[in-house]
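Numbered from 1 within each chain, the chains take letters A, B, ... in sequence-line order. Computed from heavy atoms alone, side chains included, the values below leave out hydrogens, waters and symmetry copies.
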2 protein chains.
Amino acid sequence: MAAHLATLDHAATVRPAFAPVPGHRSVRSGGGTVVAFPDLRGADTLEAIADTVVAERETMLFSEGDAAGDLYRVIDGMVRIYKLLPDGRRQIVGFLQAGDMMGLTLGPCYLYTAETVTTCSLQRLPRSRFEALMEAQPALARSLHARTATELVAAQDHMLLLGRKTAVEKVASFLLLLATRSRSASSLGGRRVRLPMSRNDIADYLGLTTETVSRAFTKLKTGGLIRLLEGGLVEIVDRDGLAGTTEGA
Amino acid sequence: MAAHLATLDHAATVRPAFAPVPGHRSVRSGGGTVVAFPDLRGADTLEAIADTVVAERETMLFSEGDAAGDLYRVIDGMVRIYKLLPDGRRQIVGFLQAGDMMGLTLGPCYLYTAETVTTCSLQRLPRSRFEALMEAQPALARSLHARTATELVAAQDHMLLLGRKTAVEKVASFLLLLATRSRSASSLGGRRVRLPMSRNDIADYLGLTTETVSRAFTKLKTGGLIRLLEGGLVEIVDRDGLAGTTEGA
DNA sequence: CGGGTCCTTGACCCCCCTCAAGGTCTGTGG
DNA sequence: CCACAGACCTTGAGGGGGGTCAAGGACCCG
């Protein structure tokens, strides 16, 4: 009954909030660093009401059940959002990167916990202001809706992965997903993927354990499909072969 | 590698489309049967451009990859939407009931297959008209966005279930989900749940097999938490006990 | 140099999948 | 009305994929 109990050690090493990071909480009120937002039109107005904050790696941004006061948008870095079962089992429902939003809720509370994986720069804006802006700017509301719909599609793909794929297929799918998503940051056209998160994070994203993820990586490496480089870098040697193991037969 | 291969027999018994149901395709152009739509304001205008059609049980409405021409809203009955892997493994990503919409896509194609579970009455409307209506009626667009966001939340809950819950926990969660969702159709306040879908459908929704689902039902029955009545009816004897097994310890 | 985390690998086991058989129910045709 | 085929559900026996437990190595930091 008590199968695959989570290790619970994720809560131990995560800082309680990003507020007690005094040196880094650099609020650049004006138009500080200019970052490209290709998929959210009208972002300039959104930028105007947002503070830009920096959070250290492994910092909790907000917790499931807390009053949802602020929204965040990732400018740089990676954030994990997850849900917990009472006994500590964890399911990471997404890794967020530049451009992704979090903390949006219809109800009063956050529905998942958000923590930084790497050091992040984030836009933070009060929910009330954000909702007023949505009301005033139909174009912004439309692009937000498109974003939500895209997230829903990704969630359905992930359900297929969680419910019906084997361990090796899950890891292969994960690598290809990251390869296509972070095209900009990598050197070559998606041949190398950076994995900033731990094996434990990957496991909790794919519905596996750390050991099984590690074994799957080894299997893909032995099969000549990938190579594990230093610094959490993975080189995709045989992209078609990897895509083949993604779906079985 | 080729673990839990789906039986593929779901495709065999499903009718190809709901068009060849001549007697039932009653298109009531005007304001035919008046149904309550509590959660979609502005539904009257949406009703005006929609045909009301009836589809027999086990009928395919549209298929993943088809050109997304029409949207549907369920008026009555139950629809399953699912995604397939190339080798036939199936993941049902949702059971739709009265008020739920399907076929919405940003891209050109449907992203999942939709089939009726029971005989359904549906509202069908061309995508182009729907998008024009969204453009013209901000209130409708807002409610659609709220609907999409709610679906995303449900999807994240389901990811937690698929990735981290045991078989018995999955079935218990499934029963409680149906009990809270279909409050209106049941006689008592959620003490009895109707399961119109087969064990195989439930299995493909929960990431299990038919046999494991059946065994989980038996275990819940033996534990005195539920009773299996005839006609696919399940009586929830011990709701708190069922909720307890939902989350483990 | 010692303690910590993270990754990997091995040994073992258990939950769930697989395969199989039997029972029930339904629809159909004789 | 009954025989029969078919789908569906249940239960049992056995096996395998992945979880559990454990140990060792690499790396970082104090």
From [atom1] of [X] over to [atom2] of [N], roughly how many Å is that when rounded to an integer?
X	N	atom1	atom2	answer
A:R57	C:dT5	CZ	P	13 Å
B:K221	D:dT10	NZ	C1'	9 Å
B:I202	D:dC8	CD1	P	13 Å
A:R199	C:dC6	CZ	C1'	9 Å
A:K219	C:dC7	NZ	P	19 Å
A:M197	C:dC7	CE	C1'	15 Å
B:L220	D:dC9	CG	P	16 Å

Distance below 4.0 Å between A:T218 side-chain N/O and C:dT9 OP1 or OP2: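 Yes, A:T218 has a side-chain N/O under 4.0 Å of OP1/OP2 on C:dT9.
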
Please work out if [X] contacts a base, only the sugar-phosphate, or nothing of the nucleic acid, heavy-atom cut-off 4.0 Å.
X	result
A:G207	sugar-phosphate
B:L228	sugar-phosphate
A:S214	base

Nearest listed nucleotide, side chain of B:T212, among D:dC8, C:dT9, C:dC16: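 Given the options D:dC8, C:dT9, C:dC16, the side chain of B:T212 is closest to C:dC16.
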
Contact check, side chains of B:L233 and B:V193, non-hydrogen atoms, under 4.5 Å: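 No; the side chains remain at least 4.5 Å from each other.
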
Gap separating the CE atom of A:M159 from the CG atom of B:L162, nearest 0.5 angstrom: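 Here the rounded value is 7.5 Å.
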
Euclidean distance, A:N200 CG relative to A:I92 CD1, rounded to 0.5 Å: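 Reported to 0.5 Å precision, the distance equals 7.5 Å.
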
Any donor-acceptor pair under 3.5 Å from A:R164 side chain to B:R89 backbone: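 No; judged by distance alone, with no hydrogens or angles, the pair does not exist.
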
Distance-only donor-acceptor test, A:R215 side-chain atoms vs D:dT20 base atoms, 3.5 Å: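 Checked by distance alone, the answer is yes.
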
Side-chain donor/acceptor contact of A:E211 with base of C:dC7 under 3.5 Å: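 Under the 3.5 Å cut-off, the side chain and the base do not form any donor-acceptor pair.
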
